[in-house]
Amino acid sequence: MSMLKIEIDGSELEVPHGSTVMDAVNKLGTYVPHFCYHRKLSIAANCRMCLVEVEKAPKPLPACATPVTDGMKVRTNSLAAKNAQNGVMEFLLINHPLDCPICDQGGECQLQDLAVGYGKGESRYQEEKRVVFSKNLGPLVAAEEMSRCIQCTRCVRFGAEIAGTMELGMINRGEHSEIVSFVGQTVDSELSGNMIDLCPVGALTSKPFRYAARTWELARRRSVSPHDSVGANLVVQVKQNRVLRVLPLENEDVNECWISDRDRFSYEALNGDDRLQRPLVRRDGQLQETDWDTALGEVAAGLRKAGKDFGLLAASSSTLEEFYLASRLAKSLGGAADFRLRHCDFSADGKRQGIPWLGMPIAELQKLDRVLLVGSFLRHDQPLLAHRLRQAAKAGAKICVVHSADDDLMMPVAHRIIVRPSDLPGALDGLEEGEIAQIMQSGEKAAIILGNFAQQHPDAARIHASAESLARRWNACLGVLGDAANGIGGYLADLPVGASAGAMVEAPRRAYMLLNTEPEFDVADPVRALRALRSADFVVSLSPFRPGVEDYAHVVLPMAAFTETSGTFVNCEGRVQSFEAAVRPLGEARPAWKILRQLGTLMGFHDFEFDTSEQARDACLGGRNVSSLLSNATSVAASTAGAKAPTIQRVADVPIYFSDGLARRSAPLQKTRQSRVPRAMMNERLLSQIGATSGGPVKVASATGAVEIVVGVDNGLPDGCVRLAGAHSSTALLGAMFGELSIERADDGAGAR
């Protein structure tokens with residue numbers, strides 16, 4: 001393709017057809033002032049700050065919206081360009097309030113910075129400034145001083161183009177223009193916090209961070225998100241050993257310049273009242289504070305007594321170093337350890353040819369033109385991957401869905417098949433012909449992607465095998481979305497050891513260790529897990545928080561949170577990302593890898609002599625090339641007879657802000673719409689069958705317990721299904737995330753099974 005030649009301030013360069021002058025100046029490295037322009041958003045050209053002089057043009061033109069023509073000559077710093085930019089700045093400052101000394105954006109405000117270079121020392125405007133009233137946008141984004149807004153519309157375009165839902169818009173005209181939410185609604189997108197970063201003034205700010213510190217008071221540390229399998233790169237901002245803010249660290253290959261709200265606001269849990277700061281040991285039936293030597297001595301004695309009858313349950317958000325030392329501890333004792341806590345089908349163990357992974361780099365997702373998404377609550381499980389697929393759909397990709405719930409993905413869906421959970425494997429088996437097969441085979445770059453729901457399914461191995469068979473037939477890539485931050489890291493650390501998480505819960509052991517795990521929320525069947533723990537002779541919990549273990553834990557050790565320890569996560573594409581501690585551990589808490597190392601040494605085991613986490617990481621990796629270990633191939637049979645389907649089945653998702661202990665304890669996240677108490681959702685046919693009304697109480701029962709809960713209508717659910725979230729205290733008594741339920745009206749007992 002021929003290139004266009006352009007001269008900018010006397011320098012010549014070539015750019016592709018379709019480039020704007022702003023693209024050209026960015027390529028050259030020349031700075032042109034701007035507010036509304038952002039390289040990830042569409043062109044608005046409404047701030048006019050980027051006016052430049054173009055030869056033969058009768059007036060200055062906006063660099064962001066002016067296409068390059070061959071031979072064009074541009075002057076960005078000529079007298080005409082400077083006068084135009086200075087004039088625009090004067091207009092922008094006419095109504096802007098003079099509140100820089102108290103503005104929360106002070107010190108990192110784009111308008112403040114540019115006003116120094118392009119503004120005047122005093123204003124000629126003597127009339128009253130306009131006033132725009134504050135808006136309530138919810139618990140995360142503050143819009144208290146909307147008089148500062150310069151109508152750049154970055155926030156509006158972000159919602160429509162990146163988040164997939166237009167939650168903000170601009171009303172009125174001229175000086176009466178203002179940004180508002182729709183009919184008084186709040187901003188509820190799982191990516192909404194990025195609007196704060198995009199705002200070039202102090203109109204939209206972080207509500208939790210508001211007035212907590214000035215930007216120049218904060219130290220900055222790089223880190224990696226522990227919440228999902230993307231491994232978003234973070235900047236953790238610290239003041240006086242306290243995390244006060246988390247921002248995205250730009251990495252085009254992983255998270256671009258975005259992070260999810262879970263990544264951004266979960267840090268609020270780090271400063272909560274329920275942080276565990278000293279070891280606890282059970283005395284006279286109560287957990288009491290003690291010193292580390294006493295606590296570790298009790299743990300060593302309890303584990304020695306259990307010997308081989310030991311099980312370790314580790315959260316999937318544990319670091320590679322923690323996994324490695326946990327694996328070594330279990331092997332040294334002859335016991336078992338696993339990290340796949342929400343899985344319930346382990347029949348593929350020993351039949352994999354490698355470690356399950358995404359099947360491609362994350363950045364390749366938005367280059368796909370055909371995608372089959374199987375069993376995934378994508379927006380809440382991996383929000384940034386949902387964004388990547390949304391961009392692919394905007395570019396023309398056709399997205400197909402096979403699932404047990406018809407959630408709004410905020411993108412066009414070419415074809416969907418919504419079936420009961422028990423029918424999900426059979427639905428895949430039947431895809432060799434039909435509309436989805438035609439769609440998938442009509443593209444050049446196709447992928448089948450298995451989500452969290454598919455991996456946690458009782459027939460997960462069969463689903464995986466069927467998807468693998470379809471991928472071969474359609475010449476498509478097969479990808480597996482890791483269900484937590486370090487799923488690949490768990491396999492690299494040689495987990496599972498001895499037995500699966502399901503087996504450890506099914507057949508109770510004499511002793512257990514919980515690594516950053518709360519079994520009532522983090523395990524596939526919380527009732528069975530708690531039963532096993534309560535029957536054990538000895539239970540030790542390593543946790544940053546004082547968990548709900550008072551009735552079964554014998555020792556609780558305070559471990560450092562992810563911002564207080566160095567470590568490594570391996571994301572779903574196999575990218576190894578190490579990070580350092582941003583702050584010192586709170587109180588007497590210690591990094592979990594140090595606790596495990598000291599415990600192994602105390603018990604006389606070999607190969608625990610690591611002075612740094614880097615040594616443990618290198619010992620785990622052993623110089624291996626991680627990419628060579630990744631494979632989604634299995635030897636599981638693609639088609640087997642399914643079990644008898646229950647009459648009413650549970651469809652269980654994990655709410656985005658209940659996915660792990662940090663998110664569950666973040667006060668701002670718990671105030672959002674997504675954190676409301678779950679309802680028993682069903683379609684109108686089942687609601688009519690049980691004689692209930694939407695908004696009324698129903699009694700839902702399983703083999704392990706019953707709960708009374710409010711019912712709601714979701715006609716996107718298949719017949720005979722009740723959607724009830726897991727990982728929540730209101731539904732924990734129901735036990736397994738998959739299985740049979742009975743439901744009846746709470747008033748008279750009439751109902752259905």
Side-chain angles (χ1 to χ4, degrees), residues 140 188-193 224-232 234 246 255 259-270 272 313-319 339-344 375-387 405 407 451-456 481-487 489-490 501 514-526 529 543-545 547-548 561-563 569 571-572 651-678 723-732 737:
L140 305 180
D188 299 309
S189 163
E190 59 277 1
L191 301 176
S192 66
V224 179
S225 169
H227 298 297
D228 60 36
S229 60
V230 174
L234 309 176
V246 172
N255 56 294
I259 55 174
S260 70
D261 289 353
R262 181 170 54 186
D263 300 331
R264 184 183 299 271
F265 296 108
S266 66
Y267 76 89
E268 282 286 302
L270 300 172
L313 300 174
S316 296
S317 57
S318 303
T319 66
F339 65 96
R340 302 163 300 172
L341 305 187
R342 289 198 176 108
H343 292 203
C344 57
S376 176
F377 297 100
L378 187 62
R379 284 178 51 214
H380 290 175
D381 293 338
Q382 291 95 7
L384 293 175
L385 298 189
H387 152 65
D407 282 6
N452 293 12
F453 186 82
Q455 297 169 65
Q456 296 160 5
L481 300 177
D483 60 356
N486 209 16
L514 304 177
L515 179 56
N516 198 19
T517 297
E518 297 174 284
E520 61 269 37
F521 302 123
D522 298 331
V523 177
D525 188 338
S543 175
F545 307 98
F562 85 102
T563 56
F569 292 137
N571 73 357
C572 60
V651 177
D653 62 315
V654 176
I656 184 171
Y657 302 138
F658 285 88
S659 58
D660 55 63
L662 270 175
R664 286 192 288 265
R665 289 175 172 83
S666 171
L669 293 180
Q670 293 308 307
K671 295 176 183 177
T672 62
R673 183 185 300 272
Q674 293 94 326
S675 295
R676 292 177 178 175
V677 176
R723 179 170 176 176
L724 263 174
H728 197 279
S729 57
S730 65
T731 61
M737 294 176 65

Between Ala314 and Thr517, what is the shortest heavy-atom contact and its length?
C-OG1, 3.6 Å

Ignoring hydrogens and angles, state whether a donor on the side chain of Ser266 or His227 is under 3.5 Å from an acceptor on the partner side chain.
yes

Any idea which heavy atoms bring Leu481 and Ser229 closest together, and the distance?
C-OG, 4.4 Å

Ala663 backbone acceptor or donor facing Gln670 side chain under 3.5 Å:
yes

Any side-chain donor-acceptor pair under 3.5 Å between Ser192 and Asp261?
yes

Identify the two heavy atoms, one from Glu520 and one from Ala732, that lie closest to each other, and give their separation to 0.1 Å.
O-CB, 4.0 Å

With side-chain hydrogen bond (donor to acceptor under 3.5 Å, both in side chains) as the test, pick out the partner of Glu190 among Arg379, His387, Arg262.
Arg379

How far apart are the closest heavy atoms of Ala725 and Thr731, and which atoms are they?
O-OG1, 2.6 Å

Would you mind checking if Lys671 and Glu268 are paired as a salt bridge, meaning a charged N to carboxylate O distance below 4.0 Å?
no

Could you check whether any side-chain N or O of Gln382 sits under 3.5 Å from a backbone N or O of Gly482, counting only pairs where one atom can act as donor and the other as acceptor?
yes

What heavy-atom pair brings Ser730 and Pro678 nearest, and what distance separates the two atoms?
OG-CD, 3.5 Å

Rounded to the nearest 0.5 Å, how far apart are NE2 of His380 and OG of Ser659?
11.0 Å

Which heavy atom of Val230 sits nearest a heavy atom of Leu384, and at what distance?
CG1-CD1, 4.2 Å

Any donor-acceptor pair under 3.5 Å linking the side chain of Asp483 with the backbone of Asn452?
no

Please round to the nearest 0.5 Å and tell me the distance separating atom CZ of Phe545 and atom CZ of Arg664.
9.5 Å

Given Asp228 and Asn571, is the side-chain contact (heavy atoms from CB on, under 4.5 Å) satisfied, shown in steps?
CA-CA 8 Å; Asp228 60 36; Asn571 73 357; over 6 Å; no

Check whether any side-chain N or O of Ser666 sits under 3.5 Å from a backbone N or O of Ala269 as a donor-acceptor pair, and report yes or no.
no

Beyond-backbone contact of Thr563 with Tyr267, side-chain heavy atoms, under 4.5 angstrom
no

For the atom pair CZ (Phe521) and OG (Ser729), what is the distance rounded to the nearest 0.5 Å?
5.0 Å

Could you tell me the separation between the CG atom of Leu662 and the OG atom of Ser225, rounded to the nearest 0.5 Å?
9.5 Å

What distance separates Ile656 CD1 from Thr672 OG1, expressed to the nearest 0.5 Å?
8.5 Å

Can you measure from OG (Ser318) to CG (Leu515) and round to the nearest 0.5 angstrom?
4.0 Å

